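Any value given below was found using the heavy atoms of this structure, including those in side chains, with hydrogens, waters and symmetry copies removed. Quick note on labels: first sequence line is chain A, next is B, and so on, each numbered from 1. These numbers were taken from a predicted model, which means no experiment stands behind them.
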2 protein chains.
Amino acid sequence: MRADARSNHERILAAARALFASDGADTQVDAIARRAGVGVGTVYRHFPDKDALMGALVRERFIAFNEQLREAISKGEQQPFAALCEALRANSTALAEDAGTRFAFMRGGERVFAHAHDEVEEYLALTNVLVDRAKRAGSVRPDFDVADVPMLMCGVCATIDAGKGGAGWDWRRHLELVLAGMAAAVAEPSVTSGGTP
Amino acid sequence: MRADARSNHERILAAARALFASDGADTQVDAIARRAGVGVGTVYRHFPDKDALMGALVRERFIAFNEQLREAISKGEQQPFAALCEALRANSTALAEDAGTRFAFMRGGERVFAHAHDEVEEYLALTNVLVDRAKRAGSVRPDFDVADVPMLMCGVCATIDAGKGGAGWDWRRHLELVLAGMAAAVAEPSVTSGGTP
DNA sequence: CTGGATCAGGAATGGTGGTTCCGCTTACGT
DNA sequence: ACGTAAGCGGAACCACCATTCCTGATCCAG
């Protein structure tokens, strides 16, 4: 690969990172090219289409997520629930700065995730370690499942996206409520039935 | 207003109701016109633009929401928390059949909600009755706020939308988790700090 | 230094979908 | 029955964007 090509590849990724992060999937390829200081054609020389470009960034993000998870796993052996919460908070905070990955979580489906298949798989495996540990410690409701985590994160993503819309909106509140719900069953086994204490 | 015009108005609304419900905001105006058996021009004679048409349907939906809330309020005096949960479950179930209103919750912002301002206001007021009651009964965490409800519903909407994407995804689980979180603080005041029991 | 393979640029293409416009049709009061 | 205001249809318009393609520039091996 020629040296100038490699440098352009980086510039394109950097531009896309910045623009997808702030504008999400609406970001136009032309804008990315302009910001990278190259022509549109060059963008398409390096990535087959827009989805692939987004996919590359989503992949990066999941690698970062997995790093955060590994850290939580190694630090939180004594306090499994706290470790799980910390990891999810860290993931969410990162998501708050990355509209592109939020989009992938919510609407991207296979189209974008396909480019990060392995990383997503690892993400689930790592999360499972934390969830399992907390379940064994009895601090997470037994009917909770790892597959619920992306679902909950998807909800948080929506809250972040809509967040500019109104006073009193704070995705952190949403997240804390959800974390509380994960644990609640221990103290309150039959909330599902809707009974008043 | 001429009789045929009134009838067309209804047909357009009905067609839009069906299509927005299943396809969400992607629904094309041409498709609505075709289904209603009229020309596009006629659609635009009755509604200034696509947003106004969606807005009219969102308005209808909120009127239905408010009906559900009033019912929960009158039936649930003895079990405030159960009443609140029932109302939110009913709202969510309706939302699951209405991609248009989900869109409005998540991305529509003022553009769509503007057409249903009064109804949304009433929605918040009625929800507040249920929340307040449950809080006074001590079954909902004291730091909970009515303004959090639309935020949580927004999360549920995202889950519903993404729901076709994977096994193990079930917006009902999401909702129940959130409901549990609303109440959890009573039994577990410091979940936020992340401690293991 | 130079040939040719690699790469870049950006105007042009093509498809999509909201909105407008205007000649024709229809309902309905008199 | 008729005149006219209200209503209708749908082709045409336009803005927007991803993607392509071809000409000219650029690297670097030999």
Side-chain angles (χ1 to χ4, degrees), chain A residues 1-58 99-100 103-104 107-112 114-115, chain B residues 1-58 99-100 103-104 107-112 114-115:
Chain A
M1 194 184 210
R2 251 165 62 175
D4 57 341
R6 191 183 355 269
S7 126
N8 274 338
H9 191 88
E10 286 312 314
R11 296 158 67 97
I12 291 167
L13 270 177
R17 192 152 35 227
L19 290 175
F20 277 135
S22 61
D23 301 350
D26 308 334
T27 306
Q28 289 158 232
V29 178
D30 291 39
I32 294 170
R34 209 173 319 121
R35 173 154 184 154
V38 303
V40 237
T42 305
V43 173
Y44 281 92
R45 161 171 297 274
H46 289 269
F47 299 91
D49 58 26
K50 198 183 175 183
D51 286 341
L53 181 46
M54 255 189 91
L57 296 174
V58 168
F103 173 84
R107 228 163 318 288
E110 285 314 300
R111 216 173 71 224
V112 175
H115 299 275
Chain B
M1 195 183 207
R2 252 164 61 172
D4 56 341
R6 192 181 356 269
S7 126
N8 274 338
H9 191 89
E10 287 311 315
R11 296 157 67 95
I12 291 167
L13 271 177
R17 192 154 35 229
L19 290 174
F20 277 135
S22 61
D23 302 350
D26 307 333
T27 305
Q28 288 158 231
V29 178
D30 291 41
I32 294 170
R34 208 174 318 122
R35 173 156 186 152
V38 303
V40 238
T42 306
V43 174
Y44 280 93
R45 162 169 296 274
H46 288 270
F47 300 91
D49 58 25
K50 198 183 175 184
D51 286 341
L53 180 46
M54 257 190 90
L57 296 174
V58 169
F103 173 83
R107 227 163 320 288
E110 285 315 300
R111 216 172 72 221
V112 175
H115 299 273

Intermediate values then yes/no, side-chain contact (heavy atoms from CB on, under 4.5 Å), B/N8 and B/R11: CA-CA 5 Å; B/N8 274 338; B/R11 296 157 67 95; 3.7 Å; yes
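- A sub-4.0 Å separation between OP1 or OP2 of D/dG7 and a side-chain N or O of B/N8 is absent.
- With sequence neighbours excluded, the residues forming a side-chain contact (heavy atoms from CB on, under 4.5 Å) with B/R107 are A/M106, A/R107, A/D161, B/F103, listed by chain and number.
- Residue B/K50 comes nearest to B/A25 through the heavy atom pair NZ-O, 2.9 Å, listed as atom of the first residue, atom of the second, then distance.
- Note: A/T27 OG1 to A/M54 CE = 8.0 Å, rounded to the nearest 0.5 Å.
- Between A/Y44 and A/D49 the shortest heavy-atom distance is CE2-CA, 4.0 Å.
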Pairwise N/O distances under 3.5 Å, protein to nucleotides 26-30 of chain D:
from	atom 1	to	atom 2	distance (Å)
D/dT26	O2	A/R2	NH1	3.1
D/dT26	O2	A/R2	NH2	3.3
D/dC28	OP1	A/A3	N	3.1

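- Expressed to the nearest 0.5 Å, how far CZ of A/R2 lies from NE2 of A/H9 amounts to 16.0 Å.
- The minimum heavy-atom distance linking A/V43 with A/I12 is given by the pair CA-CD1, 3.9 Å.
- The CG atom of A/L13 sits 10.5 Å away from the CZ atom of A/F20 when rounded to the nearest 0.5 Å.
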Stepwise side-chain contact (heavy atoms from CB on, under 4.5 Å) test for B/I32 and B/V40: CA-CA 8 Å; B/I32 294 170; B/V40 238; over 6 Å; no
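- Here the shortest heavy-atom pairing between B/A15 and B/R35 reads CB-CG, 3.6 Å.
- Separating the CG atom in B/L53 from the NE2 atom in B/H115 is a distance of 9.5 Å, to the nearest 0.5 Å.
- If you check residues 41-57 of chain B against DNA chain D, the residues with a heavy atom closer than 4.0 Å are B/G41, B/T42, B/R45, B/H46, listed by number.
- Contacts of B/T27 with the nucleic acid, taken as non-hydrogen atoms under 4.0 Å apart, involve only primed sugar atoms and P, OP1 or OP2.
- With a cutoff of under 4.0 Å to any heavy atom of chain B, the contacted region of DNA chain C is bounded 5' to 3' by C/dG17 to C/dC28.
- Remark: B/G37, B/V38, B/G39, B/V40 in residues 32-40 of chain B come within less than 4.0 Å of DNA chain D through at least one heavy atom.
- Between atom CE of residue A/M1 and atom OG of residue A/S7 there is a gap of 10.0 Å, rounded to the nearest 0.5 Å.
- Within a heavy-atom distance below 4.0 Å of DNA chain C, no residue of residues 10-26 of chain A is found.
- B/E110 contributes atom CD, which lies 12.0 Å from atom CG of B/D51 (distance to the nearest 0.5 angstrom).
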